[in-house]
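Before any comments, here is the structure.
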Amino acid sequence: MQLRTDRALAPLFAALAIGVAASLAHDARAVGDPVKVGFIGSFASDTGRSTLRGAEIAIEELNAAGGVLGGRMIELVSADTREDVTEGIKAYEYLNESENVDFIVSGSIDDVSLGWFPRMAEYRTPTLDTWTSYIGLIDMVGEEYEKYKMYFMNIACDYALGTLYVDFGKDVLGKQMGWKSTVILQEDTAFGGGVQEFIAEIMEAEAGIKVLDTIVYDTQTVDFAPIYNKAVALEPDFMYLISSVNSQVPSSQYVKLQVPVAMTGINVAALGLDFWNDTGGAGGGISTLSPIPAVGMELDDSSKVFAEKYRAKYGDERPVFPHFNGFNAYHGVKNAFAAAERAGGFAPLDDWVREMENTDVKLYKDGEFWHRYAYFKPGEIEPRTGREFVHNIKFDLTPPYDDGAPSMVVIQWYTDGTAKVVYPPKYASGEFSIPPWLQ
Amino acid sequence: MGRAVNTLLELREVTKRFGGLVALDGLSVHVDSGEFLGLIGPNGAGKTTAFGVLTGEQRPDSGRGYFHGDDVTRMPTHRRVARGIARTYQIPRPFGEMTVLDNVRVAMMPDSVRRLIAERPPEGVDRELLRSVGFGEREAAMYPDQLSMGELRKLELARTLATEPEVLLLDEVFAGLTRGEIAQLSALLVAERRSGMTAIIVSHDLRSLAPLVDRVVVMSFGAVIAEGAFEEVLDNPLVREAYLGQA
Amino acid sequence: MTNILIQGLALSGLYALVAVGFTMIFSVGRVLNLAHGVFLMLGGYAYYTAVQVFGISKGAGIAIAVLAGAAFGILTYTVLVRRLEHNPIAVEISTLILAVVMQALIVVVYTSAPKSMWPIVPGVFRHEGVFVSHNILAAMVLSWIVLGGLVVFVRRTRLGRALRAVSMDRKGAVISGIDPHRMSLATWAISGGLAALAGVFFATYTQLTPGMWVAPLIIAVAVVVVGGIGSIVGSLVVAHLIGFMETVTTTLVAAELRGVFTMVLVIVVLVIVPKGLFGREEL
Amino acid sequence: MPLARPLLGWLAFAVVMCLVPVFVSTGTVRILVFANFLAIFAMSWDVISGRTGYISFGHPFLIGIAGYTTAMLTYHLDTPLWLSIPAGVFATLVGGTLFLLPALRIRGTYFALVTLAFMELMYQLTQVIAPKVTGGTRGLSGIPTIVSGAIPNYYLTFGLVFAIGLGLWFVLRTRIGAALAALRMDEGAVAASGLSTIRLKLFAFMTSAAVAGIGGAFYVHYLGSIAPRGLFDINFLFTILVAALLGGSSTVAGPILGAYFLTFLLEYLRPYLPGPERYVIYGMIALVVYVLEPRGLHAILRTGARRLAPLLARRRIAP
């Protein structure tokens, strides 16, 4: 039986095969002299752009100083992930298979990093992540060191962020503000779940703050009025928001509704200077935890130089000021190359990993310790948590934070459009405050 | 002409409503084996709905349908077709993207996925069937949109015959045909009648219908208002009123 | 209880506004516009650009957004839909592709960073511990006005009656001298304008992102499918059903199940009552 | 029936594709692996939607069921792949019967929307129900792979494409293919021809689900990770749908053609437009091709071949 559609398969397949073959023919390429650095992340998000630009400026500096590894120039190749897991995997493959990069700097978000993680183990390409803070990745490095040792996380993982945040609860929310109860508003994501579990467990025991209820909400929620209503009805001293996806929605509705209870927590939207414009100037009173170096933080000299170059180069293009991961990419790329110089290159991998583990760059501001780029080694136990954080950037969870920078700071947005660090005190330049309508 | 002994297909007390409209109102009608029955009545009398209920395409609100004395009220269409009830449509419904030949071949398919895949289609039978309704090689390769109304009706008839039916339900077989086409189609139906086929024919064209049928049933507002031989039924005042009232 | 009532009403009004243009297009043209969410998104971005970037007044911003939406509706119809109108599936697929293209275009122009907008009507309504923003109340009132106006429009005006005639019986309308293409064009323009207006309210309430077209599309699909595709009144009733269901779920059951219940409702209704709860297919 | 010519086409296809890794870089081979997966998904989509006219907007749902089943089995329970992959495919068959439920009553637009709701629901459920098991929003990473390296994966996936494609072609060129096409044209007339429409739909849905399941399971073991946002996503659905339609629906070669075309279009734009502009151009090309020829590249090539054939023949005759 013949239908209209089922004819002439032979010429079709022949055409198809020839077409594919022809389009593939011009693919042969020689491996050039320059050292190749791959960037993986979203080209359109503030997150991705911060990392990309941090890497760009670091590479410009290295090239201007005469190149690396005996005078070779560095070439940056970028691959867009669109914050999509599959695109991220394709991008990682592209950097390795088509571009043969020597080193990768990543501004990927959590699930994208998780997506290309198995590829990294396969290609064994040295990779520095600057945005993802998922402890699961660090634990994988610890559990299967041989497989994943080429991975370094240049931001304190969420476990460390959470631990320090409890101190903030104790010192500021408890002691300073006199708050005794909270309602947690948690987005329904793995990140939200992880942080919530942690916060709820420790908040009461360590900070003396009672968790009255946890409201888990769908990230696609359009209307937060019922959620705030429900939380307010429980009469907590403050609300604790955990939001990494669509964070503008809960925070802008909080402001627009002038919810009569203070709120703090984690609000990813508020991490960059653009937040003020994005909210149309209605972000006053919002505070959030931020990895460092955060917006609103006073900078050391080397970071200041970076920030100035950034401003000069990108002007008013978003993000107008690099997010924390921009700094971490800038310093991270330089440190990775320093390790490569010591090891004689990025290969053999073991040598580079060893030298990367030996990295210890301390930054000082006005003669005082400010930030440190070093990494936890296998077997090294972090004293406060009593666990390993293999290849996570070294952080310090106990004041005065001399062994590493604190894992995070709390930044506060004021009604005049400025943002300042309010915790920990050593880094603070402003005061924790509540929104104007509550004062 | 005397009535045959065994009833082949029958509706008993069938009622069918569409929203507020009563399409069939306690309709009882039957056709005997070997009989050609004419089903007539003004527009909206419920003839097409009656076909729908007979083939299972429409489910009655009450009443029952019987085939060979078995209750088939809840039997799905394809099983009724397999048991020997086949119909044509008032507006022909060919498979538009298939040739005439392939249209007939679909109707000849066995109702089994395994057999459809594993068995080779029977050779020659399809073309033979097309020849029997007057289609040659040229028409076999044509697509439905290239056919005249008369050819479409013949295709419909060929498709019903391909299911090897015991009873044909023919809906408005002569509508839209030229005189010549009507004559051709009538000849085909006469041949079927001679070979012992059973049929119910719906038609507005009473003149063409008259020589084909043994008996007529007249419907109005979903119920039978008269039945019998052609001439006596047409003299029935109720029938005249139904038609004239309609006109 | 009062809070559920007030918040449910407010959210439902917004949902009705989001869905109404979608209903109209299906009703008149028998096609689903899967780029409906994009119309909303464009409205939102147009308003944002006019008001928050160029500092034009809010009223002018709304007018610009509505005009942009209507223009895009006309463009979509003439360039894309008109060629494929005989094949509803092709229209659905091409509008889906269009949506994805427009999303990419927005990313290029505005980046993927979310933006939030000033409320059109600032202020908060408070009553016994219940709080609702004036903005969403305005959206609710507006949706009633728009929907009421639309009912009057299709029943009373010449153009409206012509649209209604096309939606009931396309062939019959053609015979009586109505040009169905012009009617479709009018519908796409109206629908685009209304969607852009809804988009301004939707975006001022949530946020502007290039991916924001999906959520309103899902809402429109849910409202329209459950209500019975093409029925304005049905859409209005079901927007309230879904709005209240979400509010009740969020307040009394579990906030994370909000979306799950809506999807279950859509599936159950489509499987059991395929024509929707108010299964008419005319305006 | 002339069998030789199409079979020759398949053979040529296989030979060329087997030789491809010899001539191209591994980067291109990696791209081809994704093209192969997309081809499998597009073929699966076409069995339901192209053949029977039941437009599925929920295909990621079917793919995701298999993917998640095998991912969770191997990740949490260390189930061997020879057991977990069939388990995944079986789970997809169950999911496929869920599609049949609405298809008993509705078709066209309504059916598309129900399946879309299935996909949305699945996206919500992976996050709400037992995120510890499904990995929640982040998904699962570190799922075992079958083979490693570009070339082994290429041969594995091309083997799947070839086996599935040839299998589908052999089955669908029999009378079942015509029966499904008839179903697309007029379901009532199919029943009136004495065929059970439910049985035909069940066959099409199960075949499609099985292909989607095989594709989904192997896909996850190729990626080594699974996450709901990349899977139960309108953009993923869009790619599958456009691959099948752009290539030419209701054929076997079409979806394969469409998948290769789309994947390469996107990858070849990368060096020139690394950023988000790429997706604008990519989408525009897809849109223009679709609007100009809804029957797809398959039809374009075929018309081209038909016009070209006499010219070539004449040339051969001429000295």
Side-chain angles (χ1 to χ4, degrees), chain B residues 51-52 54-58 75-89 91-99 101-123 126 143-144 155-156 158-165 168-169 171, chain D residues 1-3 47-48 50-53 93 96 100 104-105 166-210 248-252 294-296 298-299 302:
Chain B
F51 271 15
L54 282 169
T55 57
E57 287 158 306
Q58 264 140 9
M75 188 183 279
T77 305
H78 68 276
R79 284 188 45 211
R80 295 194 207 200
V81 177
R83 288 189 62 171
I85 306 174
R87 74 168 292 183
T88 66
Y89 293 93
I91 300 159
R93 286 167 69 174
F95 301 115
E97 295 163 44
M98 286 182 187
T99 62
L101 183 63
D102 284 341
N103 261 282
V104 174
R105 281 171 171 171
V106 171
M108 295 174 84
M109 284 180 186
D111 183 25
S112 149
V113 169
R114 191 190 56 76
R115 288 179 58 200
L116 284 174
I117 296 171
E119 283 179 13
R120 295 181 66 86
E123 297 275 341
D126 38 19
Y143 286 91
L155 175 57
E156 288 262 299
R159 288 205 310 176
T160 52
L161 291 175
T163 65
E164 297 173 356
L168 292 175
L169 310 179
D171 202 348
Chain D
M1 199 173 308
L3 238 172
V47 173
I48 287 190
R51 303 278 171 173
T52 69
L93 290 178
L100 192 67
L104 296 178
R105 300 178 58 109
L166 196 61
L168 285 178
W169 182 75
F170 259 114
V171 170
L172 294 172
R173 60 188 288 285
T174 66
R175 288 190 288 174
I176 191 83
L180 295 181
L183 197 69
R184 183 183 66 227
M185 296 171 212
D186 189 336
E187 212 168 313
V190 170
S193 301
L195 299 177
S196 161
T197 52
I198 296 175
R199 207 172 290 163
L200 289 174
K201 278 184 249 179
L202 186 68
F203 168 78
F205 286 27
M206 288 300 104
T207 309
S208 172
S249 71
S250 206
T251 63
V252 175
R295 285 176 307 150
H298 184 272
R302 225 186 41 210

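Atoms considered below: every heavy atom in the structure, side chains included; atoms not considered: hydrogens, waters and symmetry mates. Protein chains get the first letters and strands the later ones, always in sequence-line order, with residue 1 at the start of each.
- The side-chain heavy atoms of D:Met185 and B:Glu97, taken from C-beta on, include a pair separated by under 4.5 Å.
- Take B:Gln58 and apply the side chain to side chain donor-acceptor pair (under 3.5 Å) test, not counting sequence neighbours, and it matches no residue.
- For B:Glu164, there are no salt bridge (Lys or Arg N to Asp or Glu O under 4.0 Å) partners two or more places apart in sequence or in a different chain.
- For residues 188-196 of chain D, the interface with chain B (any heavy-atom pair closer than 4.5 Å) comprises D:Gly188, D:Ala189, D:Val190, D:Ala191, D:Ala192, D:Ser193, D:Gly194, D:Leu195, D:Ser196, sorted by residue number.
- The parts of B:Pro110 that come within reach of chain D are both its backbone and its side chain, each placing non-hydrogen atoms under 4.5 angstrom from that chain.
- For D:Arg199 (side chain) and B:Asp111 (main-chain N/O), a donor-acceptor pair under 3.5 Å exists by modelled atom type.
- Proximity to chain D (any heavy atom under 4.5 Å) is restricted, for B:Arg159, to the side chain, taken from C-beta onward.
- In this structure, D:Ala178 and B:Met98 approach most closely via the heavy-atom pair O-CE, 3.2 Å.
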Check your understanding: Would D:Thr174 and B:Leu116 satisfy side-chain contact (heavy atoms from CB on, under 4.5 Å), going step by step from the backbone distance to the final call?
Key -> CA-CA 7 Å; D:Thr174 66; B:Leu116 284 174; 5.6 Å; no

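- By the side chain to side chain donor-acceptor pair (under 3.5 Å) test, B:Glu119 pairs with B:Arg115, sequence neighbours left out.
- For CZ of B:Arg79, the number of neighbouring non-hydrogen atoms (other residues, nucleotides, ligands) closer than 6.0 Å is 12 at most.
- Looking at B:Thr163, only its side chain comes within 4.5 Å of chain D, counting heavy atoms on both sides.
- Atom CD1 of D:Ile198 has 12 or fewer heavy atoms from other residues, nucleotides or ligands within 6.0 Å.
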**Study point:** B:Ile117 and D:Phe203: CA distance, side-chain angles, deciding distance, side-chain contact (heavy atoms from CB on, under 4.5 Å) verdict
**Key:** CA-CA 11 Å; B:Ile117 296 171; D:Phe203 168 78; 3.8 Å; yes

